[in-house]
Amino acid sequence: MKMMQAVVVENPMVFSVQQVPVPKTPRDGMLVKVEACGLCGSDLRTLRSGHKNITFPWTIGHEICGTVFEIGEACITSFEVGDRLAIGPLAYCGECEFCRAGRFELCENQREIGQQWQGGLAEYVAIDAACIKLGNIQKVPQGMQSIHAAVIEPISSCVHAQQKANVTLGDTVVIFGAGPIGCIHVALAKARGAFQVFLIDIDETRLQMAAAFGPDRLINALEVDPVETVLSMTNGTGAEVILVATPAPKASVQAVEMAKKGGRIVQFGGLPHNDSKPGIDMNLVHYRGLTILGTSTFAPSHNKIALQLVESGLIPVDKLITHVFALKDFEKGAHLALEGKVLKGVYLP
Ligand SMILES: [Zn+2]
Ligand SMILES: [Zn+2]
């Protein structure tokens, strides 16, 4: 049996790189040789405390760039052996009410590489037919580095959120959370024409790491009141769009308090299950005519734009990826990330 290296998570906080069998090529899918795989905030949560869709032992990893190694005999695809692919990990059923309406991001039966299928922190990953058929896998343009193609997935989710919030020319945009998602949101808001972008966090190190993405103001919510600061920066009127990309419940409350009349608030991040009712002042929503939106995941259309944003340089992924590790050094890299010292780490098998 042909063996490969793969990250195997055996229990929360128990993980290592092990020798495991190379997956079989699915009859109607493909076997992909992984070129690069990113480690995501949701992967860190899985490492820390498990995941409702995952039974250990399990190989995680869903931010994948890889080369087609073998195509199953019954696979319907235009990809060929040797094609380098940016693999959007989501598969949609294509049959539910939302899929039939073209709203794949709301699919009732979404599945994901790294959850329902073994993930990409390995030398090879099997790609199911369901992942191929609705177009979340794209050929990587020539000249694009594999580590850059690997991080299309988180960008896709941000594209979805900012489209839904209609971030547009002249807006003042506030982003809560200076992680990789917050950094992508800063660059994307600028690309969409926001005049002012403010980034809020309580961790000064993270704020300084995010400075490279060009926010007009970094706000440390431990040092100043973020609501007062945003109001004072906007002549007391508030911001058109506030994107909440942190699990801190208080941020959602403050987001509403700093919104301009007619403003839009996007709940991008999930909150802790036992603390997800943060006490928003609904009278502000009412009298100021606010819109509160929620987004999670993305559709193939967002994935397509994300690849173009990376190719065009509008999202500076070179600044996002602060660490590149060999896969064999996964434990070291993951612990650094768990300690909050990595903005985005990418692993090379
Ligand atoms: Zn991710
Ligand atoms: Zn569906």
Side-chain angles (χ1 to χ4, degrees), residues 7 9 34 36-48 51-54 58-66 85-122 125 128-138 146-161 177 179-185 188 245-247 268-270 295-303 306-307 309-310 315 317 320-323 330 333-334 337-338 342-347:
V7 171
V9 187
V34 178
C37 185
L39 189 67
C40 173
S42 66
D43 294 323
L44 293 178
R45 268 197 303 282
T46 304
L47 289 179
R48 256 193 216 105
H51 190 286
K52 64 178 169 37
N53 295 338
I54 294 175
W58 194 255
T59 296
I60 57 170
H62 60 267
E63 301 182 349
I64 307 165
C65 171
L85 305 177
I87 299 175
L90 290 176
Y92 319 94
C93 73
E95 286 159 17
C96 71
E97 175 189 349
F98 301 100
C99 281
R100 278 186 283 128
R103 305 191 66 189
F104 298 106
E105 70 276 11
L106 299 177
C107 173
E108 299 268 25
N109 310 297
Q110 238 175 59
R111 289 181 289 170
E112 187 170 339
I113 298 170
Q115 292 183 17
Q116 281 77 13
W117 301 287
Q118 297 276 358
L121 283 162
V125 62
D128 190 272
C131 302
I132 302 168
K133 89 174 166 193
L134 287 167
N136 248 333
I137 299 182
Q138 303 181 72
S146 295
I147 55 169
H148 294 170
V151 298
I152 305 294
E153 185 257 356
I155 299 171
S156 311
S157 299
C158 297
V159 168
H160 173 205
I181 291 290
C183 293
I184 294 167
H185 274 311
L188 186 56
T246 160
F268 185 93
T295 64
S296 66
T297 75
F298 57 89
S301 59
H302 309 119
N303 194 244
L307 186 74
L309 283 166
V310 172
I315 304 289
V317 278
L320 193 69
I321 299 167
T322 49
H323 294 72
F330 179 79
L338 287 162
V342 177
L343 189 55
K344 170 64 78 180
V346 177
Y347 292 81

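Read the numbers this way: they start at 1 and go in the same order the structure lists the ligands and their atoms. What's counted below: heavy atoms across the whole structure, side chains too, no hydrogens, waters or symmetry copies. If you read the sequence from its start, that first residue is 1, and numbering goes on from there.
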Is there side-chain contact between D43 and C40, with heavy atoms separated by less than 4.5 Å?
yes
Does the side chain of F330 come within less than 4.5 Å of L39's, by heavy atoms?
yes
Scan the side chains in residues 87-109 for donor-acceptor partners under 3.5 Å anywhere in the protein, sequence neighbours excluded, and list what turns up.
unit_1, atom_1, unit_2, atom_2, d
Y92, OH, N136, ND2, 2.6
Y92, OH, F298, O, 2.7
R100, NE, E95, O, 2.9

Who pairs with H62 by ring pair (Phe, Tyr, Trp, His ring centres under 6.0 Å), at least two apart in sequence or on another chain?
none
Protein-side N, O or S atoms sitting under 2.8 Å from the Zn ion (ligand 1) are C40 SG, H62 NE2, E63 OE2, E153 OE1
Under 2.8 Å from the Zn ion (ligand 2), how many protein N, O or S atoms can be found?
4
Contact check, side chains of W58 and H51, non-hydrogen atoms, under 4.5 Å
no
With a 4.5 Å limit on heavy-atom distance, are the side chains of V9 and T46 in contact?
no
Flag, side chain of H160 to backbone of T297, donor-acceptor distance under 3.5 Å:
yes
Taking V7's backbone N and O only, do any of them form a donor-acceptor pair with T59's side chain (distance below 3.5 Å, no angle check)?
yes
Do E63 side-chain atoms and E153 backbone N/O form a donor-acceptor pair below 3.5 Å?
no
